Amino acid sequence: MLIAFHGTKYDSAKTICINGFDKDHYPKWTSDLGKGVYGFIDGKDCGLESPKYLATQYAGHKYKNVRIGTLKLNLNITDAKKNICNLNDPTIRNNFIKTRNNFARLIHSEYGNVVSSNASKRDNEDGILIEKLIQRKIWNNWQAVICDTYTRLPEFAKESNFPNSREICIRDLNIIKAVSLC
């Protein structure tokens with residue numbers, strides 16, 4: 001069992017606890033790690049911030065002056081090596097970087113302006129490339145994608161090249177076995 005934390009508006013968090021994530025809404029949009037529900041998981045082995053803290057702070061930064069609800073997600077992933085794309089793995093990361101370098105111009109010009117999410121505003125090619133690799137069956141249709149990233153928090157005004165979080169993109173909502181407000 002893997003535990004993830006997801007921050008959102010309090011009213012949305014209560015609704016998710018009752019009804020689960022809206023399958024009509026998720027996973028339609030593409031962000032840094034592809035389409036799915038985003039959260040944070042434990043990365044203290046690498047000195048990363050607490051996932052619950054990150055989820056709460058990130059949501060507070062995103063939804064200013066709104067009450068925040070932090071959700072604890074219990075994820076049941078069988079055979080993690082087969083069903084999770086861990087972009088922290090050096091082999092997977094290096095292969096992804098080589099692929100991205102080969103297709104970055106094409107992805108940017110062909111898809112960068114048509115993705116209707118905040119990812120397109122940030123010119124996020126990584127998530128778009130992940131989706132294209134999966135659609136073309138070059139990559140497995142992972143249940144989740146994990147990567148250590150830098151998550152901008154209110155107390156840190158600038159970006160960093162060093163990760164402070166371990167993000168998870170839950171692509172298969174069926175692996176979410178329990179949701180609770182914490």
Side-chain angles (χ1 to χ4, degrees), residues 2-8 21 26-64 68-75 77 80-81 83-101 103-104 107-108 111-112 115 117-134 139-173 175-176 182:
L2 184 63
I3 305 295
F5 292 89
H6 174 85
T8 189
F21 284 92
Y26 293 103
K28 283 189 177 178
W29 50 272
T30 301
S31 198
D32 299 330
L33 302 176
K35 294 179 180 181
V37 172
Y38 279 73
F40 298 96
I41 60 174
D42 186 42
K44 67 182 170 199
D45 59 320
C46 296
L48 303 177
E49 295 281 351
S50 152
K52 181 180 176 186
Y53 170 78
L54 286 160
T56 304
Q57 293 301 310
Y58 177 77
H61 179 67
K62 182 175 179 182
Y63 305 111
K64 299 197 185 310
I68 298 302
T70 303
L71 296 170
K72 179 180 178 183
L73 312 176
N74 293 334
L75 310 176
I77 302 173
K81 290 203 182 274
N83 293 312
I84 295 178
C85 176
N86 185 348
L87 288 169
N88 298 320
D89 178 286
T91 302
I92 294 173
R93 181 182 284 275
N94 289 340
N95 287 337
F96 182 78
I97 290 169
K98 286 178 191 173
T99 303
R100 183 185 63 200
N101 291 343
F103 293 101
I107 294 294
H108 175 70
Y111 303 104
V115 177
S117 75
N118 287 335
S120 64
K121 292 176 189 168
R122 290 192 324 263
D123 198 24
N124 177 5
E125 297 164 352
D126 295 340
I128 296 167
L129 179 57
I130 288 170
E131 292 306 317
K132 290 300 157 194
L133 291 171
I134 291 169
W139 267 21
N140 182 18
N141 190 9
W142 310 97
Q143 290 178 329
V145 178
I146 292 172
C147 189
D148 290 355
T149 61
Y150 178 79
T151 299
R152 189 171 180 185
L153 299 173
E155 66 263 28
F156 305 119
K158 302 210 182 242
E159 295 292 323
S160 175
N161 289 322
F162 297 96
N164 65 350
S165 64
R166 183 161 292 157
E167 277 189 86
I168 185 167
C169 172
I170 305 163
R171 300 180 54 81
D172 178 357
L173 300 183
I175 67 172
I176 302 172
C182 55

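Only this structure's heavy atoms are used, side chains among them; waters, hydrogens and symmetry mates stay out. Numbers here are sequence positions counted from 1. Keep in mind it's a predicted model, so treat the numbers as computed, not measured.
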Item to check | Test side-chain contact (heavy atoms from CB on, under 4.5 Å) applied to W139 and T99, I134, N95, the passing residue | outcome: I134
Checklist entry - Side chains of E49 and S165: do they bring a donor and an acceptor to under 3.5 Å? => result no
Checklist entry - Would a 4.5 Å heavy-atom cut-off, applied to side chains only, mark L33 and D126 as touching? => result no
Checklist entry - Under the 3.5 angstrom rule, does the side chain of E131 hit a backbone N or O of K35 as a donor-acceptor pair? => result yes
Item to check | Nearest-0.5 Å distance, NE2 of residue H61 to CD1 of residue I68 | outcome: 11.5 Å
Checklist entry - Tell me, do R166 and C46 make a side-chain contact under 4.5 Å, heavy atoms counted? => result yes
Item to check | From T149 atom OG1 to E167 atom CD, the distance as rounded to the nearest 0.5 Å | outcome: 3.5 Å
Checklist entry - Any side-chain heavy-atom pair from L48 and D148 closer than 4.5 angstrom? => result yes
Checklist entry - For the atom pair CD1 (I130) and CH2 (W142), what is the distance rounded to the nearest 0.5 Å? => result 10.5 Å
Checklist outcome for this item: Looking only at heavy atoms, the pair that brings G34 and C169 closest together is O-SG, 3.7 Å
Next on the checklist: Working to the nearest 0.5 angstrom, can you tell me the gap between I77 CD1 and I175 CD1?
Outcome noted: 4.0 Å
Item to check | D42: salt bridge (Lys or Arg N to Asp or Glu O under 4.0 Å) partners, not counting sequence neighbours | outcome: none
Next on the checklist: Does this structure show an ion pair linking D89 with K81, if we count only N-O contacts that are shorter than 4.0 Å?
Outcome noted: no
Next on the checklist: Is there a side chain to side chain contact (heavy atoms under 4.5 Å, CB included) between I84 and Q143? Walk through the geometry before answering.
Outcome noted: CA-CA 6 Å; I84 295 178; Q143 290 178 329; 5.8 Å; no
Item to check | H6-F40 aromatic ring centre distance below 6.0 Å | outcome: no
Checklist entry - Hey, does I176 have a side-chain heavy atom less than 4.5 Å from the side chain of N74? => result no
Checklist entry - CD1 of I92 to CD1 of I97: how many Å apart, nearest 0.5 Å? => result 12.0 Å
Next on the checklist: Suppose we screen for side chain to side chain donor-acceptor pair (under 3.5 Å). Which residues come up paired with T8, at least two apart in sequence or across chains?
Outcome noted: none
Next on the checklist: Is any side-chain heavy atom of C85 closer than 4.5 Å to one of N140?
Outcome noted: no
Next on the checklist: Exactly one of L173, I168, D172, L71 should register a side-chain contact (heavy atoms from CB on, under 4.5 Å) with V37. Which one does?
Outcome noted: L173
Item to check | R93 (side chain) donor-acceptor with L87 (main chain) under 3.5 angstrom | outcome: yes
Checklist entry - Is any side-chain heavy atom of L129 closer than 4.5 Å to a side-chain heavy atom of F96? => result yes
Checklist entry - So do the side chains of I3 and L73 get within less than 4.5 Å of each other, counting heavy atoms only? => result no
Next on the checklist: Would you compute the distance between atom CG of N164 and atom OH of Y53 and round it to the nearest 0.5 angstrom?
Outcome noted: 9.0 Å
